[in-house]
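Heads up, the thing below is written out as C-alpha cells.
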Amino acid sequence: MNAHESALLEDLNDPQREAVLHHGGPLLVLSGAGSGKTRVITRRVAYLVKVHEVFPWRILAVTFTNKAAREMRERLVQLLGRQANDLVVSTFHSSAAMILRREAEHVGLTRSFVIYDDGDQLNVVKRAMREAGLEQSMQPREILSRIDQEKNQARLPEDMEVEPGDERGLLVQRIYHAYQERLRAANAVDFGDLLLLLVTLFRKRPEVLENYRRRFHHVLVDEFQDTNPVQYALLKQLAPPPSANLVVVGDDDQSIYRWRGADVDNILNFPREYPGAKVVKLEQNYRSDRNILDAAYEVIRKNTRRMEKKLWSDRPAGQTLQLMLNRDERMEAQEVARQILALQREGFIKFSSMAVFYRVNAQSRVLEEALRLARVPYTLVSGRSFYDRAEVRDASAYLRLMVNPRSDADLLRIINTPARGIGDTTVERVVDHANTRNQSLYEVLAEPGLIPALNTTAVKRLRTFRGLLESLHVYAQGTTDAASAVDEMLRETKLVETLVAEGSDESTTRAENLREFLGAAQEFDLNRAAAAVAAASGPQVEVPPEVDAAPLSADTPPLQAFLEQISLVGDADAEVGEGRVALMTLHAAKGLEFDAVFLTGLEDGVFPHSRALKGEDPDNGEEMAEERRLCYVGFTRARKRLFVSLAQCRSLFGELRYNPPSRFLRDVPPKLFGISEQDIPEPPRPAPMAAPRKRTWDEDDGPRIDRSYSQASDMDGVSGDVRGMRVRHEQFGVGRIVAADGSGPNAKVTVEFGGAVGLKRVIARFLMPG
DNA sequence: GATTAACACCTTTTT
DNA sequence: GGTGTTAATC
C-alpha cells in the first residue's frame, strides 16, 4: 500500500472503506444522515485518480444543489490539488446545460440559447394561451406546473398520456406544444428542457451519446433519492445498466422532492435496475447526540416502504430535546431569540453554529423581526434573492438580448424599461404583427414602418429602441469579458441613471443593486481568469484521439457563461454568513449541520403542511410520508441541541388559526424531552386580547378599532361603531368616518377628509387612527 | 401613455 | 403579504 492509498483510506469505517475501494460496476451507497457520505464520494474520486490512475476528465460527479457541488469541489481540490480542475463536478442542470450548449445545433438551438426561469416561463405560457384564444380556460400557473411535471417525467407534448375525453389534459397538451414552439423560436430553454432535450437527443442520436460514454467512465451521483425520471433516464444513458461504473449515494429517508417529480422508487429499485450492484449501508452517525438520533428514528420509523436501517452512534446521549410551547408566532420568535442568546452566552455554541428552520418561507418574517430586535446577527438562507429583484432581472434581460436578440420574453420585459413611451397598445400591435409573420419581435422591429396601425411617434420610438438593442448585440460579440458588457449595457440603457434621477429611497437602493450586479460580473471575470490559468498549467496528459476530454464549458463566451451562472447557480455568495445564525426552510437545510437547531411551527397544518393533512388516510399518504421525511431531515441536522417549537395560534394568510400540536411530536417519547408522560405541559392560553375577532357591525359595543393582533400601523378590520372616529390616510390626510360597511380585512369606510379631498370610500386597513 | 388606487387572488418546498 | 389586473385620472 503506497502513501496515497493509506492517506485516502485513513479514518474510514469498514463500510465507508468498502465503498471507496469498490472496483468496477454499479454501487449503491445507502447513507444515513451524518454518516459521512460526502467523505465517501470525495475519497472515492480521489482514490480513482490517485490509485487507479483514472484521468480526472473521465469522472463525472453530479449533485442536486449548487451548494453541494461547490463543497464537493472544494474538498476534491484539497485531496487532488490542481488535478481536480479536470473533474466535472456540477449539478444535473449545469452539466446538462454545458453538454446541450455543445450540441445545440442538434436540437434546434444555437449555442447562444438562453435559459428561462419560472417567471419567463409563465409569460410564455400566457402568451401561448392568448394566441390560441384560450385565455380564460385554465389558470396559467396550473398549466405551467403540469408542463413542468410532464418534463420531469421525460415526456414531450406528443408523449403525454391523455385519456380521451380529458378536456383539461388535451388543453395542457395543446398549450405545452405551443409553449415549446415559442421557446424554440426564441432560442430559449427552460429548466426542464435542459434535461429533457438532452435525453431526447441522446435517444435519437446514439452517436452523440457515444461520445460522452466514451469519455465518462465513472459517474457518481449524490442525493440519489431526489432524482426524477428525466434525471434517472440521463444517468442510465450515460452509465447504462447492467455493468457501468455508476455510483449512487443517497438515503431514501431523506427524499423530500416528490412534488418536483423526484421518485423514491429510483433508489428503492436501483438493485433491480442494475442487477449485481453492490449495496453498502452507512449506518454509523458521527453527527448527532443519541437523544436527537433516537427522536429522529421514532419519527421516521412510522413510514412504511423504506429500506430498513437504523443509525447508531457511539456519541453520548447528550442533552434532551427541548420543547418550546408558545402562545403565538410572535412569542415563538421571541423565545427562539432568547434561547439563542442564552446558548451563546453560555459560550459553547457560536451564532454561526446555530440555525432556525421553518416549513414555509412565510414564517421567516416574524423570526427576522424578533432576531433583529434581540440584536442577534442572522442570515436568511434563501435560494436566489438577489437575482430575483426586478431591476436585476431587467438588467439580465438586456444581457440575454445582447447574446440572443430573438428572446421575445426578455424583449417584452424591457421594451418600456426604463420608460421610453412605448405603451401597451403599441406593444400589442408589434406582437400581433410578429405572430402573423411568424417572426421574432426583434426581427419585426427591424422595419417598424411595416407594422399596421402605428402612428409615426410609435414607429420612431421603436426604431430607436431597436437601434439600442442592435448596438448592444454588436458590442457583445466583440467583448472578451462579462463586466465590460454589463458596463456598456448599463450606460447605454441608462438603467442606473433613470433610477438615480428618480431620487426616492427605493430607487437609490435599486441603483445600488445594479452596481452590485456589475460587481458580480467583475468577480465572475476574475474567477474565470484564475480558472483558465489553473487549467493551462495543469498536467498535460495523453488523451486517446477518439475522446473529447476538453472541459465541458470550454469555449463558452464570457457573457454567456455569466448568464448561465446567474440562471443556474444564482447567488453564489449567499453562503451562511460568518458569525451569524442561519434562517432557512427545511428543504434548504438538507445536507447541512449545526450544533443547535431550532425547528419552529410544529403544528398540524404548518408542519406537517395542511396539504398533507387532507385526503383519505392522512397518516399513510405519500405526502404525509414526505413531511415525515422532512421532519427527519430537520432533526438530524442537529449535533448537540434540538429545540422544537410550536405556537398555539398563529396568524397565517391574514387569518388567525389555532392549530393542534404536530403529530410528529407525539411520535417522540416524552423522556427524550426530559419529561414524563403525565406532565406534558399545555401551551400557554392565548391572551384575552388575542381572542379571534368575530364581531360584526350589529354588535354595538362602542367605538373601537380592533387591532388587537397586529401591532402594525394599519387597521386590520373594523368592529364596533366607528362613526365619528378620527382617522388618517397616507394620501388624503386626516378625516372623520361617516359610514362603514363590510368586515374583515376588506371592510370599507366612507371618510370625510374635508378640504379639496371631500368624501372618499376607502379600505379600512389603509387607515390609521389619527 | 403614465400613474395610482382599489381590489381580487393566492400562498410548500426550488434546480 | 405580495403580485397582477382593472379603472380612474392626469
Side-chain angles (χ1 to χ4, degrees), chain A residues 62-69 90-97 115-119 121-123 126 135 139-142 145 148 151-152 190-195 223 226-228 230-231 255-262 357-366 381-385 388 390 416 418-427 455 457-458 461 564 567-570 584-590 601 605-613 623 626-627 629-630 633-634 651-655 710 712 714 716 729-732 742 745-748 760-766:
Chain A
V62 254
T63 65
F64 199 69
T65 68
N66 295 300
K67 207 163 37 188
S90 69
T91 63
F92 271 104
H93 291 268
S94 295
S95 37
I115 301 166
Y116 279 2
D117 67 19
D118 188 61
Q121 284 181 278
L122 199 60
N123 286 333
K126 283 180 184 164
E135 273 166 285
Q139 288 292 329
R141 259 256 91 92
E142 196 197 332
S145 88
D148 276 337
K151 292 190 171 186
N152 287 337
D190 60 18
F191 283 110
D193 278 345
L194 290 172
L195 304 162
E223 308 281 11
D226 285 326
T227 49
N228 62 31
V230 210
Q231 290 163 334
S255 167
I256 55 175
Y257 284 101
R258 197 181 83 97
W259 51 277
R260 260 173 56 182
F357 300 157
Y358 36 83
R359 178 69 233 279
V360 297
N361 275 312
Q363 288 170 256
S364 71
R365 220 189 72 251
V366 194
V381 180
S382 65
R384 23 174 304 120
S385 51
D388 281 337
N416 204 27
R420 48 173 73 87
I422 302 176
D424 296 345
T425 345
T426 307
V427 173
N455 59 38
T457 23
R461 285 168 176 163
E564 189 148 308
S567 355
L568 295 177
V569 182
M584 67 190 87
T585 64
L586 282 159
H587 284 85
K590 196 180 70 171
V606 177
F607 187 33
H609 192 270
S610 53
R611 264 185 80 140
L613 283 172
E623 282 193 80
E626 180 136 323
E627 297 286 319
R629 294 193 288 262
L630 199 51
V633 168
S651 54
L652 208 69
F653 175 23
E655 220 176 354
S710 73
D714 53 9
D716 256 13
H729 187 266
E730 221 182 309
Q731 224 71 57
F732 304 135
N746 289 325
K748 294 177 204 69
K760 287 272 180 198
R761 191 156 160 273
V762 294
I763 293 200
R765 62 191 163 89
F766 290 112

[X] near the nucleic acid: base, sugar-phosphate alone, or nothing, with a heavy-atom cut-off under 4.0 Å?
X: Arg141(A); answer: nothing
X: Thr426(A); answer: sugar-phosphate
X: His609(A); answer: sugar-phosphate
X: Phe92(A); answer: nothing

(message) Would Phe64(A) count as stacking on dT15(B) if stacking means ring centres less than 5.5 angstrom apart and planes tilted under 30 degrees?
(response) no
(message) If you assign each of Ala419(A) and Thr585(A) to its closest nucleotide in DNA chain B, which residue comes earlier from the 5' end?
(response) Ala419(A)
(message) On DNA chain B, does the nearest nucleotide to His587(A) precede the nearest nucleotide to Ile422(A) from the 5' side, or the other way round? Give the residue.
(response) Ile422(A)
Nucleotide [N], atom [atom2] - distance to [atom1] of [X] in whole Å:
X: Glu626(A); N: dT12(B); atom1: CD; atom2: P; result: 14 Å
X: Glu142(A); N: dC9(B); atom1: CD; atom2: P; result: 16 Å
X: Gln363(A); N: dT12(B); atom1: CD; atom2: C1'; result: 10 Å
X: Arg258(A); N: dT12(B); atom1: CZ; atom2: P; result: 15 Å
X: Asp148(A); N: dT12(B); atom1: CG; atom2: P; result: 15 Å
X: Asp424(A); N: dA2(B); atom1: CG; atom2: P; result: 8 Å
X: Asn228(A); N: dT14(B); atom1: CG; atom2: P; result: 16 Å
X: Arg461(A); N: dG1(B); atom1: CZ; atom2: P; result: 8 Å

(request) Mind checking salt bridge (charged side-chain N to carboxylate O under 4.0 Å, His left out) for Glu627(A) and listing every partner two or more places apart, or none if nothing turns up? (result) Arg359(A)
(message) If we ignore hydrogens and angles and just use 3.5 Å, is the side chain of Asp190(A) paired with the main-chain N or O of Ile115(A) as donor and acceptor?
(response) no
(request) Using atom types as modelled and distance alone, determine if a side-chain donor or acceptor of Asn416(A) lies under 3.5 Å from a backbone N or O of Gly423(A). (result) no
(message) Taking atom types as they are modelled, would you say the side chain of Arg359(A) forms a donor-acceptor pair with the base of dT13(B) within the 3.5 Å cutoff?
(response) yes
(request) Examine the base of dT12(B) for any acceptor or donor lying under 3.5 Å from a partner atom in the side chain of Trp259(A), and report the outcome as yes or no. (result) no
(message) Restricting to ring-ring contact (aromatic ring centres under 6.0 Å, His included), what partner residues turn up for Tyr358(A), sequence neighbours left out?
(response) none
(message) Determine whether Lys590(A) and Tyr257(A) satisfy the following criterion, side-chain contact (heavy atoms from CB on, under 4.5 Å), listing intermediate values before the conclusion.
(response) CA-CA 11 Å; Lys590(A) 196 180 70 171; Tyr257(A) 284 101; 3.9 Å; yes
With a 4.0 Å limit, can you tell me whether [X] has a side-chain N or O closer than that to the phosphate oxygens OP1/OP2 of [N]?
X: Asn361(A); N: dT13(B); answer: yes
X: Asn416(A); N: dA2(B); answer: yes
X: Lys151(A); N: dT15(B); answer: no
X: Thr425(A); N: dG1(B); answer: yes

(request) Look at atom CG of Asn455(A) and say whether more than 12 heavy atoms of other residues, nucleotides or ligands are closer to it than 6.0 Å. (result) yes
